[in-house]
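All chains are named by letter (A, B, ...) in the order of the sequence lines, taking the proteins before the strands, and each is independently numbered beginning at 1.
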Protein chains: 2
Amino acid sequence: MDHARIDLEHLLRTAGLRVTGPRLAVLDAVGTHPHAEADQIIAAVRESAPRVSHQAVYDSLNTFAERGLLRRIQPRGAVARYESRVGDNHHHLVCRGCGLIRDVDCAVGLAPCLTPANRHGFTIDEAEVIYWGTCPDCADRRTGAPPHELRE
Amino acid sequence: MDHARIDLEHLLRTAGLRVTGPRLAVLDAVGTHPHAEADQIIAAVRESAPRVSHQAVYDSLNTFAERGLLRRIQPRGAVARYESRVGDNHHHLVCRGCGLIRDVDCAVGLAPCLTPANRHGFTIDEAEVIYWGTCPDCADRRTGAPPHELRE
DNA sequence: GTCGCAAACTTGAATGACTCAAGAGAAGAG
DNA sequence: CTCTTCTCTTGAGTCATTCAAGTTTGCGAC
C-alpha cells in the first residue's frame with residue numbers, strides 16, 4: 001500500500017508533475033481498473049477521496065496521457081478508456097458485442113507493422129492495433145438471450 | 001457524371017437499401033471527400049441538396065457503416081470520419097500535429113497482424129491499424145521551413 | 001520556517017457531436 | 001394505383017468533455 005504510493009509519487013516527480021492527492025488517487029484508480037472510462041475512474045477516486053471534482057480527474061487523465069504516464073484508448077463509437085500499461089507496445093482486442101477490452105501482445109514482435117507500404121513522408125512513432133471481434137460470452141449469448149449494447 | 005450515379009444506385013440496391021436523394025448525395029460526398037467528418041459531409045451534401053437534414057446524413061452514415069458500404073474511422077481524441085474505400089484491408093497514417101489522415105497499405109500483406117499472441121477466446125474479424133506520427137508539413141513547420149503542399 | 005507564485009483544484013456553465021422521438025413523405029412491391 | 005414500410009424532417013435531448021474564473025496548494029527560494 002504505502003510503497004505503492006511512494007512509487008506513484010516517484011512517477012509523478014520524475015515526470016515533472018506536482019504530487020497531489022487527486023493525482024495519486026487517479027493513478028491508483030487507473031492501475032486497479034484497467035480499461036476504465038473516465039466515469040468509472042471518477043467513481044473509484046471518490047471512494048478514497050470523495051471531494052475530488054470531475055474536472056480534476058479529467059485534467060489529470062489528460063496530463064498523464066500527454067506525458068506518457070498512461071495511455072488513452074478510444075475504439076470507434078466508444079468513449080475514451082485509460083490504462084497504466086505503457087511503453088510495451090501491446091494492443092487491444094475489442095468485443096463488438098459488449099465492448100470488453102483485453103490486452104494482447106502482437107504475434108509479429110515488438111514493433112508490429114511499424115513499416116507501412118508507403119509512409120507518405122510521415123515520421124511514424126507508434127502503430128496502434130485494434131482487433132475487432134466477439135468475446136466468448138457474447139458468442140454464447142448469441143445463441144440464446146438478446147445481445148447487450150454497443151452494437152455497431 | 002450520370003454513370004457514377006448509376007453505380008451509387010446499384011450499390012444501394014444490392015445492399016437492400018432504398019435509393020433516395022439524400023443517400024446518393026451522402027455516398028457521393030464521402031467518395032469525393034475522403035476522411036471527412038460528419039460536419040463536412042453535411043456541408044458537401046447541402047451544396048447539391050440544401051434541404052437535407054443533419055439527421056438524414058447521420059442516419060445514412062450509420063446505416064452505410066453498418067452495411068459495409070463505407071467505413072467509419074475514429075482516431076482517439078478525434079470525431080468520427082468516413083471513407084468509401086472498403087474491403088481492401090488498408091490502414092491509416094494520422095498526423096499528431098494537424099490530424100491529416102492518409103491511406104496506407106500494410107507492408108505485411110493482406111491481413112496484417114490478424115493473429116495476436118493470445119486471442120482470449122475471441123473470434124476476430126478485423127484488425128484495425130493506425131500509424132501515429134508527424135506529416136511532412138508539420139515536421140517542416142516545427143523547424144521553420146516553408147510548407148509542402150496542400151492539406152487534404 | 002515562511003514567502004511567493006505557478007501549478008493544480010473547485011464550482012458551475014457551456015460546447016458540440018450525436019441520438020431520440022413523432023409525425024410527414026416517398027420508394028417500390030404487388 | 002395502393003399500401004406498406006422505410007426514410008426524412010423537425011426539434012428537443014443527452015452526455016462526455018471542455019472552458020472559465022476564482023481559490024487553494026505544492027514546493028523551490030530565501
Side-chain angles (χ1 to χ4, degrees), chain A residues 5-6 8-27 29 35-46 48-67 69-70 72-82 99 149-152, chain B residues 5-6 8-27 29 35-43 45-46 48-67 69 72-82 99:
Chain A
R5 188 195 145 99
I6 302 295
L8 296 182
E9 282 195 28
H10 181 70
L11 195 62
L12 286 172
R13 287 188 209 284
T14 51
L17 296 170
R18 291 185 181 172
V19 176
T20 69
R23 284 184 171 169
L24 290 173
V26 168
L27 278 181
H35 309 139
E37 27 192 278
D39 246 19
Q40 301 173 283
I41 293 172
I42 291 173
V45 163
R46 286 184 176 159
S48 59
R51 305 191 52 77
V52 173
S53 66
H54 72 125
Q55 188 63 53
V57 174
Y58 273 108
D59 280 353
S60 301
L61 289 173
N62 286 339
T63 305
F64 296 162
E66 224 166 70
R67 307 288 180 106
L69 270 64
L70 53 80
R72 175 191 285 137
I73 50 186
Q74 185 158 24
R76 57 184 181 235
V79 305
R81 290 157 180 271
Y82 299 86
E149 53 180 313
L150 220 153
R151 261 287 97 76
E152 195 170 341
Chain B
R5 189 195 144 96
I6 301 296
L8 296 182
E9 282 195 29
H10 182 70
L11 195 61
L12 285 172
R13 288 188 207 284
T14 52
L17 296 171
R18 289 185 182 172
V19 176
T20 70
R23 285 184 169 168
L24 289 172
V26 168
L27 278 181
H35 309 138
E37 27 192 279
D39 246 20
Q40 301 172 283
I41 293 172
I42 291 172
V45 163
R46 287 185 175 156
S48 59
R51 306 191 51 79
V52 173
S53 66
H54 73 122
Q55 188 63 55
V57 174
Y58 274 109
D59 279 353
S60 301
L61 289 174
N62 286 338
T63 305
F64 296 164
E66 224 166 70
R67 310 286 181 108
L69 270 63
R72 174 192 285 136
I73 49 185
Q74 185 159 24
R76 56 183 181 239
V79 303
R81 289 158 179 270
Y82 299 86

Practice problem: Compare side-chain N and O positions of A:R23 against OP1 and OP2 of C:dA7 and report whether any pair is under 4.0 Å apart. | Solution: no
Quiz item: Pick the nucleotide of DNA chain C nearest each of A:G16 and B:A38; which residue has the one closer to the 5' end?
Solution: A:G16
Self-check item: Residue met sooner reading DNA chain C from 5', once A:T20 and B:N62 are mapped to nucleotides
Solution: A:T20
Exercise. Verify the distance criterion only: is there a donor paired with an acceptor across the side chains of A:Q55 and A:D59 at less than 3.5 Å?
Key: yes
Rounded distance [0.5 Å steps], [atom1] in [X] versus [atom2] in [Y]:
X     : Y     : atom1 : atom2 : value
B:L69 : B:T63 : CG    : OG1   : 9.5 Å
A:R81 : A:L70 : CZ    : CG    : 14.5 Å
A:I73 : A:H35 : CD1   : NE2   : 4.5 Å
B:R18 : B:L12 : CZ    : CG    : 12.5 Å
A:L11 : A:F64 : CG    : CZ    : 8.0 Å

In whole angstrom, give the distance that lies between atom [atom1] of [X] and atom [atom2] of [N].
X     : N      : atom1 : atom2 : result
B:R51 : C:dA26 : CZ    : P     : 11 Å
A:R67 : C:dA7  : CZ    : P     : 10 Å
A:H54 : C:dT10 : NE2   : C1'   : 9 Å

Quiz item: Between B:R23 and B:S60, which heavy-atom pair has the shortest distance, and what is it?
Solution: CG-OG, 3.8 Å
Practice problem: Starting from the first five and the last five pairs of the helix from C:dG1-D:dC30 to C:dG30-D:dC1, work out the angle between the resulting helix axes, to 10 degrees. | Solution: 40°
Exercise. On DNA chain D, check which nucleotide each of B:D59 and A:Y58 is closest to and give me the residue with the more 5' one.
Key: B:D59
Self-check item: Sidechain-backbone polar pair: B:R67 side chain, B:A15 backbone, donor-acceptor under 3.5 Å
Solution: yes
Quiz item: What is the 5' to 3' range of DNA chain D, first to last nucleotide, that sits under 4.0 Å from any heavy atom of chain A?
Solution: D:dA16 to D:dC27
Exercise. Could you check A:V26, A:L61, A:V57 and say which one makes a side chain to side chain contact (heavy atoms under 4.5 Å, CB included) with A:I42?
Key: A:V57
Practice problem: Could you check whether B:S53 gets within reach of a base, just the sugar-phosphate, or nothing at all, counting any heavy atom under 4.0 Å? | Solution: base
